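Since the structure comes first, as structure tokens, the remarks are kept for the end.
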Amino acid sequence: MSTTSIFVNLPTNDLDRSKAFYEALGFSINPLFTDENAACVVLDENIYFMVLTREYLGTFTDKQIIDTKTQAQTSISFTRDSRDEVDAVLAKGLAAGGTEPRDAQDYGFMYSRDLEDPDGNILGFLFMEQAAVEQGPDAYLADQAKAQSATA
């Protein structure tokens, strides 16, 4: 069975700025698939962002390329191993020119923060309790409520 790779195409107004931003988050650029029109950002061995100039992205579709500063087409989320790791990647992204469009979200079973790259593309970073992954959020929260009432 072959492995599926995921390539997410993101528009940019400034390719060099985008490359620097994603490298600041700890990702690498594959020079074999990078030129003046596009940069291949390696997130994982099978997951890539193709950051494309708006003009170049327009050659792949007949649809209008939206303004990601004012419109959302998608939000892509990435897990981290702890709340601290979520906070750390946000700190790197903010220092590299990103913005945080809303406050952190704490759902009890999951902690998440959004980061917009300099072009307005939305990246979510989240930590989810392993028990919530295994049981589902409702069962996890019910167990937490039982544990709190037993200690009260």
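Computed from a predicted model, the values in this text were never measured in an experiment.
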Practice task
Ignoring hydrogens and angles, tell me if any N or O in the side chain of T68 forms a donor-acceptor pair with the backbone of D119 under 3.5 Å.
Solution key: yes
Practice task
State, yes or no, whether a side-chain contact exists between L115 and L94 at a heavy-atom distance under 4.5 Å.
Solution key: yes
Practice task
Check the side chains of D117 and S18 for a donor-acceptor pair under 3.5 angstrom, ignoring hydrogens and angles.
Solution key: no
Practice task
Would you list the pairs meeting side-chain hydrogen bond (donor to acceptor under 3.5 Å, both in side chains) in which at least one residue belongs to residues 25-53, sequence neighbours left out?
Solution key: none
Practice task
Indicate whether the side chain of E116 and that of N121 have a donor and an acceptor atom separated by less than 3.5 Å.
Solution key: no
Completion exercise
CZ (R17) and OG1 (T12) are apart, to the nearest 0.5 Å, by 5.0 Å
Handout entry: Side chains of L123 and F78 in contact at under 4.5 Å (non-hydrogen atoms)
Key = yes
Handout entry: Single-linkage hydrophobic cluster F21~F125, side-chain heavy atoms < 4.5 angstrom
Key = yes
Practice task
Give, for atom CD1 of I47 and atom OG1 of T4, the distance between the pair rounded to the nearest 0.5 Å.
Solution key: 11.0 Å
Fill in the blank from the handout: Value for NZ (K146) from OG1 (T151), rounded to nearest 0.5 Å, stands at 14.0 Å
Exercise for the section: Test M50 against L10 for side-chain contact (heavy atoms from CB on, under 4.5 Å), laying out the working first. Expected result: CA-CA 6 Å; M50 291 302 299; L10 299 175; over 6 Å; no
Exercise for the section: Evaluate the side-chain proximity of E100 to D114: yes if any heavy-atom separation is below 4.5 Å, no if none is. Expected result: no
Problem - Any donor-acceptor pair under 3.5 Å from K69 side chain to P118 backbone - result: yes
Practice task
May I ask you to decide if the ring planes of Y107 and F109 are parallel, tilted or perpendicular, using 30° and 60° as cut-offs?
Solution key: tilted
Handout entry: Flag side-chain contact, heavy atom, 4.5 Å: I29 against V42
Key = no
Exercise for the section: Identify whether F7 and F33 are in the same connected component of the hydrophobic contact network (ILVMFWY, side-chain heavy atoms under 4.5 Å). Expected result: no
Completion exercise
Of R113, R80, K92, the one forming a salt bridge (Lys or Arg N to Asp or Glu O under 4.0 Å) with D87 is R113
Completion exercise
Here the gap from L126 atom CG to E85 atom CD, rounded to the nearest 0.5 Å, amounts to 12.0 Å
Handout entry: Student check: side-chain heavy atoms of L15 and Y56 closer than 4.5 Å
Key = no
Exercise for the section: Please check if F27 and V8 belong to a single hydrophobic cluster, counting links between Ile, Leu, Val, Met, Phe, Trp and Tyr side chain heavy atoms closer than 4.5 Å. Expected result: yes
Problem - Heavy atoms of other groups near Q73 CD, more than 12 under 6.0 Å - result: no
Exercise for the section: Starting at CD of E129, measure out to CD of Q144 and round the result to the nearest 0.5 Å. Expected result: 7.0 Å
Practice task
Run the ring-centre check on Y111 versus F127 and record whether the distance is less than 6.0 Å.
Solution key: no
Handout entry: Residue pair E134 / Q130, side-chain donor-acceptor N/O under 3.5 Å
Key = yes
Handout entry: Main-chain N/O of K63 paired with T61 side-chain donor or acceptor, under 3.5 Å
Key = yes
Handout entry: Minimum side-chain heavy-atom gap V89-L25 below 4.5 Å
Key = yes
Exercise for the section: Among D14, L57, V41, find the one that has a side chain to side chain contact (heavy atoms under 4.5 Å, CB included) with V51. Expected result: V41
Handout entry: Taking every non-hydrogen atom, the tightest pair across I122 and A72
Key = CD1-CB, 3.9 Å
Exercise for the section: Establish whether F49 and I6 are linked, either directly or via other cluster members, by ILVMFWY side-chain heavy-atom contacts under 4.5 Å. Expected result: yes
Practice task
Consider only side-chain heavy atoms of I, L, V, M, F, W and Y, link residues closer than 4.5 Å, and tell whether M128 and Y140 are in one cluster.
Solution key: yes
